[in-house]
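See structure below.
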Amino acid sequence: MDKIISDFNQPPKTEQQLLQNAEQLAGMTFQQVAKQLALNVPQDQKRHKGWVGELAEKFLGATASTLAEPDFQHIGVELKTIPLNKHGRPAESTYVSTVPMTNIAGLRWQDSIVCKKLSRVLWLPIEADKVIAMDARRFGSATLWSPTPTQEAMLRADWEELMEMIATGEIDKISSTHGQHLQIRPKAANARSLGRAHTADGDPTSTLPRGFYLRTSFTKTIFE
DNA sequence: TACTGATCATTC
DNA sequence: GAATGATCAGTA
C-alpha cells in the first residue's frame, strides 16, 4: 500500500498522470483518504467548508495554493470538487474566481482569470448527501473537461456583460440573477467586508468583494 | 427544492 | 485585505 501512496503528494507531470491519480480516489471514503494523509475528518462542514477541496488538492499534489492560477500550473489544469446530491446532480454552484474590480480597462475574455481557470478542469465528484456521515462520504470518478465552443461562448457572453457593468461603475447593481450560466455573488468573510474598487469616473471607492460562480444548471450539463 | 446572499478556515 | 478552498442557511 505504501508504494501506491508514494506517487501522491507530488505534482503530476502530465494530465494522464493526474487523471490516473484521481482515479485512485474513485469510491474511496473521505476517511480512507484522510488517513493516508494523516488528517482527521471533521464531523460537519459548518466550520470546514473548504475541507474536501483541500483534501483532494493535497492528495493530488496541487501547487498553485493561493495564487489566481490553475491548481496544476505547468499542465494548466484546475481542480474542482463538485458536490453531487443523491440524484447525481450538482448540489451547489461552483466558485471560479474573485471578481476583479480594479485595472479592468480593456480586459479581454481570453486574458481573464475565469477563462484561464475554466479552459481545463478536472471535475472530482463528491457525495454531498447530508444523511451520509462525513467520514463515510465517497469520491466519485473524475473527469477532465474543457468547454465546448458553445459552452465557452455562453460563458464569455455572461462574463462580458458582467464586466461591462463593473467597468461602468454599476457593480452594486449586480445581483446573482445576472448572467445565465456565470453569476456574481458575494465572496467575503462577511457582509461588512470591503475591497478596493473604483467608480465609472475612476475615483477610488470600496465595495463588497465578489466572486464568479457557475450555476448548477451549467455544471449539471457536464455530468450528463 | 432551488436559489441568493452570507459566512467559515487558511495562507500570505 | 485578498486570494485560495467552498458550504451554510433562510426563504421564495
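Reminder, nothing fancy here: chain letters follow the sequence lines and each chain counts from 1. Quick caveat, the model's predicted, so the values are computed rather than measured.
Rounded to an integer number of Å, the gap from CE of A:Met101 to C1' of C:dA3 is 12 Å. Rounded to an integer number of Å, the gap from CD of A:Gln45 to P of B:dT10 is 14 Å. Spacing between atom CH2 of A:Trp51 and atom P of C:dC8 amounts to 14 Å, rounded to whole angstrom units. In this structure, the CD1 atom of A:Ile82 is 14 Å from the P atom of C:dG5, given to the nearest Å. For the pair A:Phe212 CZ and C:dA6 C1', the interatomic distance rounds to 18 Å; values are reported in whole Å. Here C:dG5 presents its C1' atom at 18 Å from CZ of A:Phe59, a figure rounded to the nearest Å. A:Arg196 places its CZ atom 12 Å from the C1' atom of C:dA3, with the value rounded to the nearest Å. Computed from coordinates, the A:Leu37 CG to C:dG5 C1' distance equals 16 Å when rounded to whole Å.
Note on A:Lys58: every side-chain N or O is 4.0 Å or more away from OP1 and OP2 of C:dT4. Side-chain nitrogen and oxygen atoms of A:Tyr95 include at least one within less than 4.0 Å of the OP1 or OP2 phosphate oxygen of C:dT4. Close to C:dT4, at under 4.0 Å from its OP1 or OP2, lies a side-chain N or O of A:Thr98.
Comment: A:Glu15 engages A:Arg120 in a salt bridge, judged by a side-chain N to carboxylate O separation of less than 4.0 angstrom. At a threshold of 4.0 Å, the pair A:Arg156-A:Glu160 counts as salt-bridged, since one of the basic side-chain nitrogens sits closer than that to a carboxylate oxygen. By the 4.0 Å N-to-carboxylate-O rule, A:Lys49 lies too far from A:Asp44 to be salt-bridged with it.
A:Pro209 comes within contact range of no nucleotide atom at all, as no heavy-atom separation falls under 4.0 Å.
With A:Phe30 as the aromatic partner, A:Arg137 does not meet the cation-pi criteria of under 6.0 angstrom to the ring centre and within 45 degrees of the ring axis.
Other residues, nucleotides and ligands place more than 12 heavy atoms under 6.0 Å from the CG atom of A:Asp203.
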For this session: Please lay out, stage by stage, how A:Asp172 and A:Arg210 fare under the test salt bridge (Lys or Arg N to Asp or Glu O under 4.0 Å).
Result: CA-CA 10 Å; A:Asp172 288 317; A:Arg210 294 148 219 252; 2.8 Å; yes
For this session: Show the numbers, then the answer: is there a side chain to side chain donor-acceptor pair (under 3.5 Å) between A:Thr168 and A:Glu170?
Result: CA-CA 6 Å; A:Thr168 55; A:Glu170 296 183 294; 3.2 Å; yes
Problem set entry | A:Leu122/A:Trp145 under side chain to side chain contact (heavy atoms under 4.5 Å, CB included): CA gap, chis, key distance, verdict | CA-CA 6 Å; A:Leu122 184 72; A:Trp145 170 88; over 6 Å; no
Exercise. Would A:Phe212 and A:Ile184 count as a side chain to side chain contact (heavy atoms under 4.5 Å, CB included) if you check the C-alpha gap in whole Å, the side-chain angles of each, and the deciding distance to 0.1 Å?
Worked result: CA-CA 5 Å; A:Phe212 285 111; A:Ile184 284 180; 3.6 Å; yes
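For A:Lys130, the listed nucleotide lying nearest its side chain is C:dC8; candidates were C:dT7, C:dA2, C:dC8. The listed nucleotides are C:dA6, B:dT1, C:dG5; the one nearest the side chain of A:Thr81 is C:dA6.
Within residues 153-164 of chain A, no residue is approached by DNA chain B to less than 4.0 Å at the level of any non-hydrogen atom.
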Distances under 3.5 Å only, N/O to N/O: pair up the protein atoms with those of nucleotides 10-12 of chain C.
none

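Contact of the A:Thr102 side chain with the A:His198 side chain is registered, since non-hydrogen atoms from C-beta on lie closer than 4.5 Å. Side-chain contact between A:Pro100 and A:Ile113: absent, with no pair of heavy atoms (C-beta onward) separated by less than 4.5 Å. Looking at A:Glu127 and A:Asn85, their side chains never come closer than 4.5 Å, going by heavy atoms from C-beta outward.
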Problem set entry | Contact state string [nucleotides 2-8 of chain B, B base, S sugar-phosphate only, - no protein heavy atom under 4.0 Å] | -SBBBBB
